> 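Dropping the structure in here first, questions after.
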Number of protein chains: 2
Amino acid sequence: MRKTATLADIAASVGVTPMTVSRVVNESGYVHADTRQKVLRVMQEMNYRRNGLARGLKRQRTETIGLVVGDVANPFAAEVIRGVREVLTARGYTMFVCVSDQSVKEEAEAFESLADHRVDGMIVATRASRKGNAHLMTLLDANLPVVALGRDFNHPHTDFVSADHFKGGCDATEHLIELGHRRIGFIGIKQSYGAGLKRFQGYLETLRKHGIKVNEDIIVGRRKGTDQAPGYSTEEIGYEGMKYLLGLRKPPSAVFARNDFTALGAISAIKQIGRRVPQDVAIVGFDDVPLASHTSPPLTTVFQPTHEQGRIAAEFLLRRIEAVQNLPRAERVLPCKLIIRESTVSGTEST
Amino acid sequence: MRKTATLADIAASVGVTPMTVSRVVNESGYVHADTRQKVLRVMQEMNYRRNGLARGLKRQRTETIGLVVGDVANPFAAEVIRGVREVLTARGYTMFVCVSDQSVKEEAEAFESLADHRVDGMIVATRASRKGNAHLMTLLDANLPVVALGRDFNHPHTDFVSADHFKGGCDATEHLIELGHRRIGFIGIKQSYGAGLKRFQGYLETLRKHGIKVNEDIIVGRRKGTDQAPGYSTEEIGYEGMKYLLGLRKPPSAVFARNDFTALGAISAIKQIGRRVPQDVAIVGFDDVPLASHTSPPLTTVFQPTHEQGRIAAEFLLRRIEAVQNLPRAERVLPCKLIIRESTVSGTEST
DNA sequence: TATAGATATGTTACCGTTATCATATTGAGC
DNA sequence: GCTCAATATGATAACGGTAACATATCTATA
């Protein structure tokens with residue numbers, strides 16, 4: 001294996017010191033035009049590529065940030081990634097994405113890897129967990145700038161960006177109640193695990209507000225207690241969950257699903273036994289994925305500004321990275337928006 | 001900002017040399033049990049974290065690989081990522097994902113970043129392009145191990161993994177022809193751009209084989225010639241494309257869509273004007289995303305072993321990284337499988 | 001008890017880059 | 001021609017870690 005050329009190799013070939021070559025590479029300091037030309041030519045010839053490790057080691061920053069997401073198969077993650085990247089590349093930073101597959105262990109490994117490789121900062125968009133939070137703390141102890149996106153993490157030196165999932169959950173539930181529903185199910189999380197899921201809390205709170213007793217029988221979660229299921233199998237959860245609900249003596253007349261894919265799975269189950277959406281069961285999703293307007297019936301759902309969250313998280317992070325001293329915690333909670341389509345309100349031609 | 005502790009700091013505190021601490025950290029060589037304990041304690045106290053830059057610089061490898069994908073919003077990319085990661089973590093490697101958003105420019109930047117940061121190898125799963133390939137060549141010149149996944153890249157020292165998209169395209173088209181369709185449209189790529197899309201070539205080839213003249217009027221691509229649309233907007237392309245086809249004097253009786261989301265968009269357009277799938281128009285997708293069995297009607301599509309492709313790509317890459325000398329090109333093309341559901345064959349209760 | 005091997009630690013140098021300071025050279029203005 | 005600043009380049013020393021070799025102690029066995 002041929003080794004890659006170094007500054008020293010270039011320098012030797014041109015007849016200058018590595019420092020001069022470094023100046024050419026970084027376009028810093030004074031270099032004579034002729035020298036620059038010669039150096040550039042040789043660099044080309046020798047296929048020079050700078051060594052980011054050495055550079056990072058010396059400069060004590062890598063102009064690199066890490067983004068940790070739990071799962072990558074949904075438009076939510078994709079849009080977050082795009083938003084973050086837009087801001088970062090514009091500022092000359094590179095983003096490395098690590099995927100935890102919703103596993104706390106993998107998440108920890110992602111943290112370690114990114115910290116080891118000395119990213120300048122990190123955006124964490126995985127699901128919150130006790131262990132994950134503990135791990136994050138050790139990073140913060142090492143003064144690594146961190147921004148939490150869409151997950152709780154309360155720390156005086158960590159910024160926080162999220163959509164208002166609680167309010168979104170309220171709005172979705174409120175919408176169903178306004179339509180006259182009283183028996184409203186929830187699919188996607190079990191009662192006991194629901195503490196961290198703001199959408200679910202909004203659902204509970206709104207029911208209570210309207211004097212509707214929360215009925216645990218019509219709240220269904222993942223099968224078999226696995227909390228590890230990758231997000232993109234949520235249509236499965238929606239399908240199974242809805243089948244269960246439809247099998248009850250008194251099925252709910254409306255269901256709020258934790259996200260759009262879960263909602264689509266639920267719709268599939270309803271149609272399969274010949275019932276109609278929304279006439280027999282009304283469905284509300286969450287996220288407003290691009291597909292939601294192209295399903296049958298088109299899905300009533302709660303839009304969240306995903307791309308914007310990514311952008312803001314990136315801006316928070318860069319501000320923190322470039323700050324001379326520790327900044328106080330910044331928070332930003334963006335509003336969601338209920339999008340009413342035909343899975344709750346019978347339209348002109350829902351099939 | 002407090003600096004993070006270094007080996008030297010630990011060493012000074014314990015009263016040994018950095019080398020001894022290094023031995024403890026790496027669990028290599030001989031260290032007295034007592035010394036090890038002391039070192040470990042101080043490491044804990046000082047919150048030591050090893051510097052991957054320095055380590056990588058000295059050892060000339062980072063145990064890190066880069067995965068470049070074009071878009072992350074579809075289950076395909078997600079499964080590839082999972083497959084790759086499974087194999088890599090088991091072997092102690094870390095994976096960093098870069099997303100190009102289907103942009104050649106961003107792709108080039110991803111290559112640069114990863115190469116700069118001295119990943120030990122790279123898996124490239126973006127769409128092929130002349131410029132992208134040229135860029136890849138410069139990496140190979142620097143002896144960076146590369147595996148191409150699902151994209152053409154012919155190079156004597158680059159491995160190749162893919163599903164048999166061509167055969168899959170043939171099977172899908174064959175299926176429609178067997179059902180009696182002669183007027184079969186394609187949505188997702190324009191004729192002229194189609195050269196690189198094997199699925200499309202399979203479609204063309206199969207039509208020809210059956211003596212069906214290729215009709216450019218019923219082959220529709222992206223709107224406005226943008227080739228930059230992120231993958232997850234493909235339902236939009238399917239919807240718009242189908243609307244266009246339905247507006248023709250003689251619409252096709254069947255459509256092969258470049259992927260499942262495109263197919264779902266097409267179905268949405270058909271239903272919107274009150275036509276039925278498959279009775280009025282039959283639809284075949286590609287990929288077999290989890291959602292495909294939960295749509296109405298459930299989608300006939302071509303399954304590709306995505307996860308497996310990721311695993312194999314990772315194995316190829318590791319083999320190449322750990323080889324003493326340049327290995328010859330390895331290739332692996334995995335079979336696809338036609339999954340017949342109700343979007344082509346009227347089932348018991350398709351709505 | 002001499003001696004070889006295992007155990008335990010230290011020394012040195014270098015990975016490739018750049019910050020910092022030092023030294024030449026050039027040119028402009030007087 | 002002198003002076004000061006701008007221009008151009010070099011020398012040196014890290015950044016944090018580890019490979020390679022050297023040295024010292026301990027232990028078991030002939």
Side-chain angles (χ1 to χ4, degrees), chain A residues 1-40 42-43 46-64 115-120 142-144, chain B residues 1-40 42-43 46-64 115-120 142-144:
Chain A
M1 295 262 181
R2 186 171 16 119
K3 293 240 328 253
T4 58
T6 69
L7 283 188
D9 298 333
I10 311 289
S13 172
V14 177
V16 292
T17 44
M19 196 58 230
T20 300
V21 183
S22 171
R23 288 190 180 106
V24 173
V25 173
N26 295 295
E27 298 179 16
S28 69
Y30 294 109
V31 180
H32 193 92
D34 296 349
T35 312
R36 185 194 319 284
Q37 289 314 315
K38 255 188 285 183
V39 168
L40 286 174
V42 175
M43 270 172 54
M46 301 181 78
N47 196 17
Y48 173 75
R49 160 153 288 127
R50 79 176 173 209
N51 188 321
L53 302 178
R55 185 178 158 90
L57 176 59
K58 177 62 190 173
R59 305 181 70 198
Q60 299 290 69
R61 69 206 146 86
T62 54
E63 263 135 20
T64 282
D116 278 4
H117 288 279
R118 291 298 192 267
V119 291
D120 292 339
N143 264 309
L144 183 70
Chain B
M1 294 265 182
R2 184 171 18 119
K3 291 241 326 253
T4 58
T6 68
L7 283 189
D9 298 334
I10 310 289
S13 173
V14 177
V16 293
T17 45
M19 195 59 229
T20 300
V21 182
S22 171
R23 287 191 181 104
V24 173
V25 173
N26 295 295
E27 298 179 14
S28 70
Y30 295 107
V31 180
H32 192 90
D34 295 349
T35 313
R36 187 196 316 285
Q37 289 314 315
K38 255 189 285 181
V39 168
L40 285 174
V42 175
M43 270 171 54
M46 301 180 79
N47 196 16
Y48 173 76
R49 158 153 288 127
R50 81 173 170 212
N51 188 323
L53 302 178
R55 184 179 159 89
L57 176 59
K58 176 63 189 173
R59 304 182 70 198
Q60 298 290 68
R61 70 207 146 84
T62 53
E63 264 135 20
T64 283
D116 278 5
H117 288 279
R118 290 300 192 268
V119 291
D120 292 339
N143 265 310
L144 183 70

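Not measured: the values here are computed from a predicted model. Naming: A, B, ... by sequence-line order, numbering from 1 per chain. Keep in mind that the numbers below use all heavy atoms, side chains included, and drop hydrogens, waters and symmetry copies.
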> Given side chains that start at C-beta, do those of A:Met43 and A:Val25 come closer than 4.5 Å, heavy atoms only?
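The answer is yes, as the side chains (C-beta and beyond) meet within the 4.5 Å cut-off.
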
> How close or far is atom P of C:dA13 from atom CG of B:Leu57, stated in whole angstroms?
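One finds 18 Å between P of C:dA13 and CG of B:Leu57, rounded.
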
> In whole angstroms, how far is the C1' atom of C:dG16 from the OH atom of A:Tyr48?
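A:Tyr48 atom OH is separated from C:dG16 atom C1' by 8 Å.
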
> Heavy atoms only, 4.0 Å cut-off, all strands: where does A:Ser28 land among base, sugar-phosphate and nothing?
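A:Ser28: no heavy atom of the nucleic acid under 4.0 Å.
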
> Within less than 4.0 Å of OP1 or OP2 of C:dA8, is there a side-chain N or O belonging to B:Tyr30?
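Looking at the OP1 and OP2 atoms of C:dA8, neither is under 4.0 Å from any side-chain N or O of B:Tyr30.
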
> Think A:Ser22 has a side-chain N or O under 4.0 angstrom from the OP1 or OP2 of C:dT17?
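Looking at the OP1 and OP2 atoms of C:dT17, neither is under 4.0 Å from any side-chain N or O of A:Ser22.
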
> Just do the side-chain hydrogen bond (donor to acceptor under 3.5 Å, both in side chains) check on A:Thr64 and B:His117 with the steps written out, would you?
CA-CA 10 Å; A:Thr64 282; B:His117 288 279; 3.2 Å; yes

> Quick one: does B:His32's side chain get under 4.5 Å of B:Arg36's, heavy atoms only?
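They are not in contact (no side-chain heavy atoms under 4.5 Å apart), so the answer is no.
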
> Just how far, in rounded Å, is C1' of D:dG10 from CE of A:Met19?
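One finds 10 Å between C1' of D:dG10 and CE of A:Met19, rounded.
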
> Whether B:Thr20 contacts C:dA8 is assessed here as follows: a side-chain N or O lying under 4.0 Å from the phosphate OP1 or OP2. Is that the case?
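The answer is no; no side-chain N or O of B:Thr20 sits under 4.0 Å from OP1 or OP2.
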
> Whole angstrom is fine here: how far is it from CG in A:Asp116 over to P in D:dG17?
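Taking atom P of D:dG17 as the reference, CG of A:Asp116 is at 10 Å.
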
> Can you sort out which residues in residues 8-18 of chain B have a heavy atom within less than 4.0 Å of DNA chain D? Ascending by number, please.
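By residue number: none to list.
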
> If I take atom NZ in residue B:Lys58 and atom P in nucleotide C:dC15, what distance separates them, rounded to the nearest angstrom?
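Those two atoms, NZ and P, are 7 Å apart.
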
> I need the B:Asn51 CG to B:Thr4 OG1 distance, nearest 0.5 Å.
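With rounding to 0.5 Å, CG (B:Asn51) is 7.0 Å from OG1 (B:Thr4).
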
> Phosphate oxygens OP1/OP2 of D:dT18: is one of them under 4.0 Å from a side-chain N or O of B:Asn26?
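So the side-chain polar atoms of B:Asn26 do come within 4.0 Å of the phosphate oxygens OP1 or OP2 of D:dT18, strictly under.
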
> Would B:Val21 and B:Val14 count as a side chain to side chain contact (heavy atoms under 4.5 Å, CB included) if you check the C-alpha gap in whole Å, the side-chain angles of each, and the deciding distance to 0.1 Å?
CA-CA 9 Å; B:Val21 182; B:Val14 177; 5.7 Å; no

> Quick one: pull up CG in B:Leu57 and CG in A:Leu57 and give me the separation to the nearest 0.5 Å.
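One finds 6.0 Å between CG of B:Leu57 and CG of A:Leu57.
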
> Just the rounded figure in Å: distance from P of D:dG16 to CZ of A:Arg59.
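Atom CZ in A:Arg59 sits about 15 Å away from atom P in D:dG16.
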
> Record whether the side chain of A:Arg118 comes under 3.5 Å of the base of D:dG16 through a donor-acceptor pair of N or O atoms.
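Looking at the base of D:dG16, it does not pair with any donor or acceptor on the side chain of A:Arg118 (distance under 3.5 Å).
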
> Would you kindly give the CZ-to-P distance between A:Arg49 and C:dT17, to the nearest whole Å?
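The answer, rounded to whole Å, is 12 Å.
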
> Could you check whether A:Arg23 gets within reach of a base, just the sugar-phosphate, or nothing at all, counting any heavy atom under 4.0 Å?
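Answer is base: heavy atoms of A:Arg23 come under 4.0 Å of a base.
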
> Would you compute the distance between atom CZ of B:Arg61 and atom CZ of B:Arg55 and round it to the nearest 0.5 angstrom?
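Going from the CZ atom of B:Arg61 to the CZ atom of B:Arg55 covers 7.5 Å.
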
> Within the structure, does a side-chain N or O atom of A:Gln60 lie under 4.0 Å from either OP1 or OP2 of C:dA19?
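No, no such contact exists.
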
> Can you tell me how far P of C:dC15 sits from CZ of A:Arg50, to the nearest Å?
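The distance from CZ of A:Arg50 to P of C:dC15 comes to 20 Å, rounded to the nearest Å.
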
